[in-house]
Amino acid sequence: ARTSSNSQRFGYSIDEQVRRCWKFCENASWDIVFVFSDEAESGRDTERPEFQSMLKQARNSFFDVVVFWKLDRFCRSLVCLVKTEEELDELGVGLHSVTEFLDTTNPVGRFNFRNLASAAELESDLTSQRVRMGMHGLAKEHKWPNDKPPLGYEKTSDGKLRVLADEASVVKTIFRLYLREKSMPRVASLLNESGLRTKAGELWCRQSVRKVLTNEIYTGSYQVADYHAQVEEYR
């Protein structure tokens, strides 16, 4: 089972996917030995933790069928999908979709599998294109594309960014400290010692300091969907 942030909004929850798959297995008189669930993970990424755990157990011959609610919950990338199916086939593991009556253990099922895989990738590409167009439109209007503005900024009611004086001083401190110390771990340590925290209220580390130092937004610009937008600069 798998959810992404988009799919969760439409009610395709982990629990509901598992429930439907479980019922399908019971009706087929199949024994359930594992439930693999990746939450808020992209279907294009087969490196997601539970998917890799599933492959590991398949290589250990712990099961002979993988059941999923819908093909796009299993994988969206056609290349990765075909590659995974081929590996599972060599391991003697079949694929079954609860809603698409997919069965890769016979020639007709494998034909349907290729068609469904192509359709899943097309749907994913079209969704990505729509999202990209929406982000491009926001950038053209100099609006921030999400609800998490970077340190030093807040998102206003009209969707644009505005400098927050208190956070802006932290950003300036980070740059001054780095120019002096030439060490991101040292900067993180000094920030923590002074009681300063990240935008999320967490302790600083090398990675969080680097994120600030390398963010082009502090030069007054940022790029979204290949479109360059401008924001208020620090003075």
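For this chain, numbers begin at 1 and follow the sequence in order. As the structure is a computational prediction, the values presented were derived from the model and not from experiment.
- Here I174 contributes atom CD1 and E181 contributes atom CD; the two are 13.5 Å apart, rounded to the nearest 0.5 Å.
- The hydrophobic cluster containing L88 also contains V33, counting ILVMFWY residues as joined when their side-chain heavy atoms lie under 4.5 angstrom apart, directly or transitively.
- For the atom pair K70 NZ and R20 CZ, the distance stands at 10.5 Å (nearest 0.5 Å).
- Nearest heavy-atom pair, I14 versus S37, reported as atom, atom and distance to 0.1 Å: CG2-OG, 3.7 Å.
- Heavy-atom contacts from other residues, nucleotides or ligands closer than 6.0 Å to CZ of F175 number more than 12.
- Under 3.5 Å, the side chains of T156 and D158 contain a donor-acceptor pair of N or O atoms.
- Residues F62 and F51 fall within the same hydrophobic cluster, defined by Ile, Leu, Val, Met, Phe, Trp and Tyr side chains chained together at heavy-atom separations under 4.5 Å.
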(request) Would you please test V209 and Y178 for side-chain contact (heavy atoms from CB on, under 4.5 Å) and show each step? (result) CA-CA 9 Å; V209 170; Y178 184 73; 5.5 Å; no

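- We find the CG-CG distance between N60 and L91 to be 9.5 Å, quoted to the nearest 0.5 Å.
- Under the 3.5 Å distance criterion, the side-chain polar atoms of E100 are matched with a main-chain donor or acceptor of L71.
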(request) Report the C-alpha distance between H96 and W30 in whole Å, list the side-chain angles of each, state the deciding distance to 0.1 Å, and finish with yes or no for side-chain contact (heavy atoms from CB on, under 4.5 Å). (result) CA-CA 12 Å; H96 282 263; W30 290 348; 3.6 Å; yes

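- Expressed to the nearest 0.5 Å, how far NZ of K143 lies from NZ of K160 amounts to 7.5 Å.
- With a 4.5 Å cut-off on side-chain heavy atoms, W144 and I217 count as touching.
- Every residue two or more places apart in sequence or in another chain that forms a ring pair (Phe, Tyr, Trp, His ring centres under 6.0 Å) with F34 is listed here: F36.
- Looking only at side-chain heavy atoms (C-beta outward), F68 and V98 stay at 4.5 Å or farther from each other.
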Please tabulate, for side-chain N and O atoms in residues 189-197, each donor-acceptor pair with protein atoms closer than 3.5 Å (sequence neighbours left out).
residue	atom	partner	partner atom	Å
S189	OG	E193	OE2	3.4
N192	OD1	W204	N	2.7
N192	ND2	A188	O	3.1
N192	ND2	W204	O	3.0
S194	OG	L190	O	3.3
S194	OG	L191	O	2.8

(request) Starting from the C-alpha separation in whole Å, work towards a yes-or-no answer on side-chain contact (heavy atoms from CB on, under 4.5 Å) for T104 and D89. (result) CA-CA 8 Å; T104 62; D89 183 60; 5.8 Å; no

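- Classification of the Y218-Y153 ring pair by plane angle, with boundaries at 30° and 60°, yields parallel.
- Residues E154 and P149 come closest through the heavy atom pair CA-CG, 4.1 Å.
- Distance OG1/T99 to CH2/W69: 6.5 Å, rounded to 0.5 Å.
- Each of V171 and L203 belongs to its own hydrophobic cluster when Ile, Leu, Val, Met, Phe, Trp and Tyr are linked at side-chain heavy-atom distances under 4.5 angstrom.
- The residues R2 and E39 are annotated as not salt-bridged, no charged nitrogen and carboxylate oxygen being separated by less than 4.0 angstrom.
- For the pair A58 and V93, the tightest heavy-atom approach, listed with the atom from each and the gap, is CB-CG2, 4.3 Å.
- Considering every non-hydrogen atom in both E50 and D38, the closest pair reads N-OD1, 2.9 Å.
- Considering only heavy atoms from C-beta on, R176 comes within 4.5 Å of T173 through its side chain.
- The nearest pair of heavy atoms linking N215 to P150 is ND2-CB, 3.9 Å.
- Taken from CZ in R48 to CE in M54, the straight-line distance is 7.5 Å, to the nearest 0.5 Å.
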(request) Evaluate side-chain contact (heavy atoms from CB on, under 4.5 Å) for L151 paired with T198, printing each intermediate quantity in order. (result) CA-CA 8 Å; L151 181 69; T198 67; over 6 Å; no

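- With salt bridges taken as basic N to acidic carboxylate O contacts below 4.0 Å, one links R19 and E16.
- Nearest heavy atoms, K155 versus D147: NZ-OD1, 3.6 Å.
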